[in-house]
Amino acid sequence: MSLNIASKLEAGKKQRIRVVIAVTAVVLVLVTLCVLLIQLLLKKERLEIEGHVMEVAKQSAVATDILINGDFQTLNLFAHIFEQEPKYLNRNSVKPVLKAAINNTRFYSMGVAYPDGDIIIYDANQGFAPPINVKDFKYFQEGMSGKKYLNFSKSFYDEDKLIVVYEVPIIRNGKVIALLTGAHGAEDYFRAIDITAFNDEAVVHILDGEGHLILRDPSPNTILKSSIFETDDVPNEQRVKALKAKEPLSYWFKDVNGVRKVAAYIPIGYNDWKILAILPFNAITHNSNSVLRYAVIFFFVISTLIILGIRYNIAIRQRSDSMIMNFALQDDITHGLNKTSFYLEAEKILFDRKSEEDENWAIILMDIDNFKIINEVYDMEKGDVVLRDIAQILRDTIQYNGVFARLNDDVFVIMYKYREKSDIVSFVSKVTEDISAFKLSIKVIPSFGVYEISDKNVAISTMCDKANLAKKTVKGMVDCRYAFYDESLSQSILADKEIEDEMEAALKNGEFEMYLQPKISMKTMLPCGSEALIRWNHPKKGLIPPYKFIPLFERNGFIVEADRYMWEQACKEIHSWIEKGLEPLPISVNISRIHFKYENLVDTIESLVKKYDVPKRYLELELTESAFLDNEGAVNSTIVKLQELGYTIAMDDFGVGYSSLNMLRTLPVNILKLDRGFINEATCTERGFIVLNHVIHMARDLKATVVCEGIETNEQAEILKTAGCNIAQGFYFAKPMPLNEYNNFVYNQQRA
């Protein structure tokens, strides 16, 4: 028995040992498998981290490439214009071209540098920069050798602001004849490299070919200040290898604080620049450890999560790609095409081999008359809603017959397929009808310019320019809302160019003359003042009427110089009357809205008054209602200051816009000059007379003098007397006249 029991005990012991060994073996196998699995997962995790960081860096590189190529494409378009039309590079002609060009780009400054190093720069906010020579600048030297240039720099006007500077050469007959530069803020590039994943612990920089940071991530997590070589965390050979690599590359390292990180380098494709993305390992290890802790028990969960992670990574990538493309090619208000994508799509349509040769296409440019008033009466948000509604109307009307985009502000461009001209007219009429049906207190009225494409090789931007010229011919017209481009419109451009070539010399040579149109007191029927009007007495062309040059002066900014000249002529004449012992009558002078962009308006007027010793009551300052609408805050503060100094302020063309009464509530003007539409309505209808009568009484209650312009008949004059108007002006009483005629007219009459 004892032997049997001992045998059984021994057998049981051996069995237990075998079980223990088996269990231990199984445990060891499981542990080994788990260790191997963990190592595989860790290795996989590391590769995924590198891949994820690499992918994010690639997306930043793509976004940066899109920004760089887009801006260079814009500069190349304008450089091509200068190459085709070198007359615009003339130093006297280039200024208005720069001012016009900058309105159609996202650059806030553009310039043209000449082979001698002189550069003309126009800044959208600061105007033309003082003359400088850039011969020693790197971008000038590279540009004159035929190279493009791009770099980040501190703003000339604000050293705390980072800007992006571009340069492309303007080449003609194989020779660089000038350089075209552009600059704008670096905000888009910061957005392009911004990474919001990984709890915002990732940082992204842009490096040059030597490892210096030319655009540094502002995140507090960054360990680099100016160069990748400023710390000892990685051997220099490894960093040099990364800089020289033409393909994406990554490596792991520990920073000075011992934090393990991964760095990814992605070439941008320009100037040997690279995107550098850096991510701490601990930004992702929390989730990794949680997965590894339950890897053996929940292996299928891990597998599922990996699959979901891969799918999530693909979704993130697709969404990022979509966001990048939307950023570059989608309009931010209408969510349709923007200018860049429209140009690409239009060229694709024109040069698509599948398109039929006999198809007719037209470029139609459309904008809304006085769209600013919608934003003024409602707000910017409502204005954006109107723009989106317009886009939907165009989308529904065009259907499969073309494409459209919002170029800027309220300007839309349409590429439309048609058979006959009548198809275009029908399209324009349908769009006009639908837009005019908007339920707003302000009538929404579009204007159209049409360019029929006859040569596909003409640049799309040039086609748009020609359509825009046609549109300008009907802007503000009531009976016609569209116009087709023809070559005669180019003659108007040449005429404007001829005026611009001569205007500065004309001012210097005294070709501009001051005419005075008398104002008549309705009480005494005698002259009580005058309005100063500019005339151009050309030595060869004779007297040029103002309508031929004043609108151009308003567009190119020369109206500032012309107005200052007229102010001085008025002060001279008032001083002359005083010296002759004559009693002066007030002269009203015009102030363009452009003057309010400059801070020295008050000082300029004050210096002229003091120079000629003119009492301020004899110099009246006259502004149009549109000047108040353009920049109400700046205008109000300046006008109040001028009133405090003793000047009389007049509002011209009162009643033309929608904000007249609202402005009277906030701006205490001294004189209201009623638009001639008031007297025309008062002459024709009883309702018109009632309106005129109430406006005059309202002005009287506001202690403002009323001047009515455009009086041409005795009937109109009698109506003004009945309504109680203070002062009248018009051809019925006297036309604008030279100074000698005005002096005879005024001082040879019996004065009350």
Side-chain angles (χ1 to χ4, degrees), residues 65-157 163-186 188-189 270-271 339-340 343 407-408 458-465 468 493 497 500 556-557:
D65 274 336
I66 290 175
L67 291 174
I68 292 173
N69 292 332
D71 287 334
F72 270 125
Q73 183 182 19
T74 300
L75 277 185
N76 284 330
L77 287 173
F78 287 102
H80 181 70
I81 293 174
F82 282 121
E83 290 168 4
Q84 298 299 316
E85 298 290 342
K87 61 184 179 180
Y88 291 143
L89 286 175
N90 182 283
R91 302 191 190 209
N92 293 326
S93 305
V94 75
K95 289 185 177 182
V97 177
L98 288 176
K99 291 180 69 175
I102 206 168
N103 292 329
N104 295 310
T105 71
R106 68 194 193 100
F107 295 113
Y108 65 65
S109 70
M110 293 180 71
V112 172
Y114 297 92
D116 60 1
D118 289 342
I119 186 169
I120 297 175
I121 300 176
Y122 178 74
D123 186 281
N125 296 318
Q126 304 293 331
F128 286 101
I132 59 173
N133 191 285
V134 295
K135 184 171 286 186
D136 296 329
F137 286 31
K138 183 176 179 181
Y139 76 80
F140 177 85
Q141 296 168 355
E142 290 195 8
M144 293 307 297
S145 66
K147 298 179 181 178
K148 297 188 296 185
Y149 179 86
L150 165 65
N151 211 341
F152 294 85
S153 174
K154 291 182 178 180
S155 170
F156 178 81
Y157 298 103
I163 64 172
V164 192
V165 179
Y166 297 81
E167 168 277 315
V168 296
I170 301 173
I171 301 174
R172 188 172 180 82
N173 297 327
K175 181 180 178 182
V176 178
I177 59 175
L179 308 178
L180 181 61
T181 69
H184 59 70
D188 290 343
Y189 285 86
Y270 187 83
N271 276 359
K339 179 164 64 175
T340 300
Y343 286 175
L407 292 186
N408 55 69
V458 175
I460 300 298
S461 59
T462 303
M463 297 180 186
C464 293
D465 291 340
N468 190 43
I493 299 177
K497 181 65 169 56
E500 289 184 325
N556 64 22

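Hydrogens, waters and symmetry mates are skipped; everything else that's a heavy atom, side chains included, is used. Because the structure is predicted, anything quoted here is derived from the model rather than measured. Throughout, residue positions are numbered sequentially from 1 according to the sequence presented.
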Within the structure provided, determine whether [X] and [Y] are in side-chain contact (heavy-atom separation under 4.5 Å).
X    : Y    : value
F82  : R172 : no
N90  : K87  : no
I119 : F137 : no
K339 : T74  : no
K138 : N151 : no
Y114 : I120 : yes
V112 : R91  : no
V168 : Y166 : no

task: Apply side chain to side chain contact (heavy atoms under 4.5 Å, CB included) to the pair L150 and F72, showing each step before the final yes or no.
output: CA-CA 9 Å; L150 165 65; F72 270 125; 3.9 Å; yes

Nearest 0.5 Å, what's the [atom1]-[atom2] distance between [X] and [Y]?
X    : Y    : atom1 : atom2 : value
T340 : I66  : OG1   : CD1   : 10.5 Å
N468 : T462 : CG    : OG1   : 12.5 Å
I102 : Y122 : CD1   : OH    : 6.5 Å
N76  : L180 : CG    : CG    : 9.0 Å
Y343 : C464 : OH    : SG    : 4.5 Å
K135 : N133 : NZ    : CG    : 6.0 Å

message: Testing M144, K148, K147, E167 one by one against Y139 for a side chain to side chain contact (heavy atoms under 4.5 Å, CB included), which residue passes?
response: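 Single pass found, and it is E167.
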
Specify the closest pair of heavy atoms between [X] and [Y], including all atoms of both residues, with the distance to one decimal.
X    : Y    : answer
L77  : S461 : CD2-OG, 4.5 Å
P169 : A79  : O-CB, 4.4 Å
L67  : R106 : CD2-NH2, 3.6 Å
P115 : I177 : CD-O, 3.4 Å
I121 : S109 : CG2-CB, 4.4 Å

message: What verdict does the side chain to side chain contact (heavy atoms under 4.5 Å, CB included) test give for T181 and F107, after you've listed the backbone C-alpha separation in whole Å, the side-chain angles of each residue and the deciding distance to 0.1 Å?
response: CA-CA 10 Å; T181 69; F107 295 113; over 6 Å; no

task: Verify, without hydrogens or angle tests, whether D116 (side chain) and D118 (backbone) share a donor-acceptor contact under 3.5 angstrom.
output: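 Yes; at least one donor-acceptor contact below 3.5 Å.
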
query: Is the closest side-chain donor-acceptor distance between S93 and K497 under 3.5 Å?
result: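 K497 and S93 do have a side-chain donor-acceptor pair below 3.5 Å.
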
task: Indicate, with yes or no, if the rings of H184 and Y108 have centres closer together than 6.0 Å.
output: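 That pair fails the under 6.0 Å test.
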
- request: Could you walk me through whether E500 and V97 pass the side chain to side chain contact (heavy atoms under 4.5 Å, CB included) test, one step at a time?
  value: CA-CA 11 Å; E500 289 184 325; V97 177; over 6 Å; no

- request: Check step by step if side chain to side chain contact (heavy atoms under 4.5 Å, CB included) holds for L75 and M110.
  value: CA-CA 9 Å; L75 277 185; M110 293 180 71; 4.0 Å; yes

